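To keep things clear, I will list the structure first and then write my remarks on it.
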Amino acid sequence: MKPNRQKHLLRLLAPALIPTLLCVAPASALKREDPDARAARVEAQMTDAERMSLLVGVMPIPIPGLKADFPPGVPPTAGYVPGVPRLGVPPQLATDAGLGVGNPNLARPDDVATAMPSGLALASSFDTALAARVGATVAREARAKGFNVLLAGGMNLARDPRNGRNFEYLGEDPLLAGTLAGHSIKAIQAQGVVSTIKHFALNGQETLRFYADSVIKEAPLRESELLAFQIGIEIGQPGSVMCAYNLVNGHKACGNDFLLNQVLKRDWGYKGWVMSDWGAVSAGEFINAGLDQQAGSQLDRQVWFGKPLQALVDAGTVSKARVSDAVRRMLRSFYALGIEAPYTPQPIDYKANAQVALEAARAGLVLLKNEGSLLPLDKSALAGKGILVVGANADFGVLSGGGSSQVFPSSGRPRFASGDVTDPSTTFTRQVFMPGAPLAALKAALPDAKFRFNSGYSPDTAAAYAAHADLVVVFATKWEGEAFDSGSLALPQGQDELIAKLAAANRNVVVVLQTGNPVTMPWLRDVRAVLQAWYPGQEGAQAMAEALTGAINPSGRLPVSFPQSLAQWPRAALPGMGLVERTPVKVSYDEGADAGYRWFAKTGLTPLFPFGHGLGYTRFEHSAATVRHDKGMVELGLTVSNAGALAGADVPQAYLVARNGEKLQRLVGFQKVMLEPGQRQTVSLRVDSRLLADYRNDKGHEGWIVPAGTYTFAFGKSAAELGTPVEVKLPAQRLKP
Ligand code: BGC
């Protein structure tokens, strides 16, 4: 091309190229540009309409009766926000979530994903590296399916064992939940996928979740749920925080100035954006309280952000600066992770990812009871012996939790049970059993035993078979899910009665529980062994059979306390249970930060199984506990030895048990240690000073105060099985909120 013609062409193309050159072309230079500076620069070039378009998302699936605008070609998923192509801003394509890539109502009919074990199973591993591997695997699948936002990081503290969504979360302790969530989020985002952390905050029950007001004083709130989020955000740096459906101290969480503006953005200096939960917004003014984006907007009464928000800006109710800030927060989260353009679908190695699901399923199994070392089942001793396997779906698969976190597994067609088949929201109303039958896995592990299967629908028939068996393995299930809670801690559909009858007929009963929460086990004394499997994901059957037969050594520890009955719990009745829809209800967390095992420590009550409990097939010894401090930073040490004959993992747990002689209990550190027989290892744990402190919001001081004095720590095998205490004198410390 002649130089003159080239110049002419350039002049012609220049206006069109400028934005591209500014925003897309010099990728290497832009990589170096600070994400905040770049977000500000790009945001400044936007029109008001473009800004508004980023602040409102839809759920791009047809929902009967609800209108939503989205262009053709957007894959059906949880969330869509259009991009700004002229400025190189890609659309936001969001998917659920932490237990695998979701597929709401199977709207992508043939799309499957690796179904990981539930959050409580992951939390039972007490393993931060595993949390990272699971997070990275889910994120890689999400990215390979074209998604750039993962609605993961679910971590509301389990404050009530009836909460239908506890299975998605990471247990009752702020350090455990925050640390695991943080490592998972960090690993997700390392794959170039934005992660949320959710649901901010105190989304402690599903009953009347849009109308429930979680009431708690500021100090205990900061010391419990908010500390968990704070730790998770510090470690994971999530691009987005999803605010919750419920109210907190009288204000909707997504329009809550205290939570969003004061705590999250001011005190914690959070730089990402706050997206609403789907249907959690009830006014455009929520933006002034710190909400940055109305997501899943067709589930709200109306679209509040977008055009109506522009009207509020024009009227001066909302400042232009606030709108710019909301947009910049979003852009900076994308730029910080290098998300430059839509992701194109890539092939997925489901076989390899299933190995991660298997590893997580193994690590999440908690052996609660093993009387007379009945487990592991011995292959040669059981040759020719009769084993009765009982359980409604044990010949097919394993149960999963319901709701938006539901995953349709890569391992084959699931089985749907019950539910309202006319309801389009299948994931919320039907039990989904993942293929992979516990019965088949047990048969494969014990090839010379004589198996018989019974569904258990007739407890008397099952008991009659049990009387003639050498061993009974019963797989009991309790389905839990989003949008509903349990009224009690009993196993449903007569399973408690079934197990009692089996135990009356046979001395050797092993119970395997697939539940999303603690259950009460009225038959506990009469059975020999109990394995808590939670919802173990698509590879769960194999993992359970391996644990029962000793191919693996179970090492899970309870991330929640199991009460003997609800009479031991701060609230005997679940607030709002039984009330009609849309009834406002107060959920008073009068126990403050003393929830879960802290409640048991405070009241002196004995739980059915304590937080941190879990058995295995070897024996660990703890010795040489030490404590020292350097300028108030506490470091604890312990020697852990495997004194048994099998390799296995232990989880030494460090608890603060007294301050200046006053008894209390707080988990201040934990570490998973893998040891060969005879091997020993010294663990050393640095303590986050906030776990030693009280939160104060007095006039004189706003923040954490570590009182001077004597601090007593003990390493435990659980919250209720503590070793020799060690003491240290600490100077007073003040820390920022
Ligand atoms: C849930 C969120 C989820 C969202 C999108 C809501 O019902 O509370 O956890 O991410 O739906 O599916």
Side-chain angles (χ1 to χ4, degrees), residues 56-63 66 68 70 74-81 92-108 113 118-119 138-139 142 147-156 163-170 181 184-185 188 193-212 214 229 232 238-247 252-254 273-281 291 293-300 401-408 423-429 480-485 516:
V56 50
V58 293
M59 198 166 186
I61 51 176
I63 305 178
L66 300 177
F70 51 89
V74 174
T77 184
Y80 167 75
V81 178
Q92 295 171 26
L93 213 46
T95 178
D96 287 296
L99 315 183
V101 177
N103 182 352
N105 304 340
L106 273 169
R108 304 189 305 277
S118 62
V138 175
F147 300 110
N148 53 20
V149 178
L150 198 55
L151 306 170
M155 54 153 298
N156 294 102
N163 177 12
R165 288 188 90 173
N166 278 344
F167 79 91
E168 285 185 52
Y169 305 149
L170 299 165
S184 162
I185 291 164
I188 290 168
V193 175
V194 170
S195 178
T196 54
I197 191 166
K198 70 187 186 184
H199 310 86
F200 194 64
L202 275 179
N203 195 170
Q205 65 174 53
E206 292 297 288
T207 301
L208 294 167
R209 61 180 176 169
F210 298 97
Y211 301 90
S214 299
F229 273 95
S240 182
V241 169
M242 187 191 291
C243 51
Y245 284 136
N246 52 286
L247 296 84
K252 292 213 65 161
C254 288
W273 90 95
V274 178
M275 75 166 74
S276 71
D277 200 344
W278 275 226
V281 184
L291 179 66
Q293 187 181 54
Q294 180 188 11
S297 58
Q298 80 265 44
L299 298 184
D300 283 310
S404 58
S405 69
Q406 181 76 61
V407 178
F408 295 99
D423 187 333
S425 42
T426 47
T427 46
F428 283 70
T429 54
E480 314 228 26
E482 181 174 344
F484 65 95
D485 296 317

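Because the structure is predicted, anything quoted here is derived from the model rather than measured. Counting starts at 1 for both ligands and their atoms, in listed order.
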Quick one: nearest non-hydrogen protein atom to [atom], plus distance?
atom: atom 5 (C) of ligand 1; answer: Asp96 OD2, 3.3 Å
atom: atom 9 (O) of ligand 1; answer: His199 NE2, 2.7 Å
atom: atom 7 (O) of ligand 1; answer: Glu482 OE2, 2.5 Å

Task: Atom indices of ligand 1, in the order listed, that fall short of 4.0 Å to a heavy atom of Lys198 - done: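 Near Lys198, the atoms of ligand 1 are 2 (C), 3 (C), 9 (O), 10 (O).
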
Open item on the list: Distance under 4.0 Å to a non-hydrogen atom of Asp277: what atoms of ligand 1 satisfy this?
Closed with: 1 (C), 2 (C), 4 (C), 6 (C), 8 (O), 11 (O)

Extract all donor-acceptor atom pairs below 3.5 Å that involve side chains of residues 148-155 and protein atoms in other chains or at least two apart in sequence.
| unit_1 | atom_1 | unit_2 | atom_2 | d |
| --- | --- | --- | --- | --- |
| Asn148 | OD1 | Leu93 | N | 2.9 |
| Asn148 | ND2 | Pro91 | O | 2.9 |

Open item on the list: Looking at Thr207, is its backbone amide N or carbonyl O close enough to the side chain of Asp485 to form a donor-acceptor pair, meaning the two atoms are under 3.5 Å apart?
Closed with: yes

Open item on the list: If I apply the N/O under 3.5 Å rule, does Trp278 come out as touching ligand 1?
Closed with: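 No, no N or O pair falls under 3.5 Å.
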
Open item on the list: Using a strict threshold of under 4.0 Å (side-chain N to carboxylate O), is an ion pair present between Glu482 and Arg209?
Closed with: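 Salt bridge flag = yes for Glu482 with Arg209.
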
Open item on the list: Strictly below 4.0 Å, N to O, side chains only: are Asp96 and Lys198 in salt-bridge contact?
Closed with: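 Salt bridge: yes.
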
Task: Region of Glu168 that comes within reach of ligand 1 [heavy atoms, distance under 4.0 Å] - done: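 Neither part.
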
Open item on the list: Using 30° and 60° as the class boundaries, would you call the ring planes of His199 and Tyr169 parallel, tilted or perpendicular?
Closed with: perpendicular

Open item on the list: For Tyr245 and Phe210, I'd like to know if the aromatic rings sit close, meaning centre-to-centre distance below 6.0 Å.
Closed with: yes

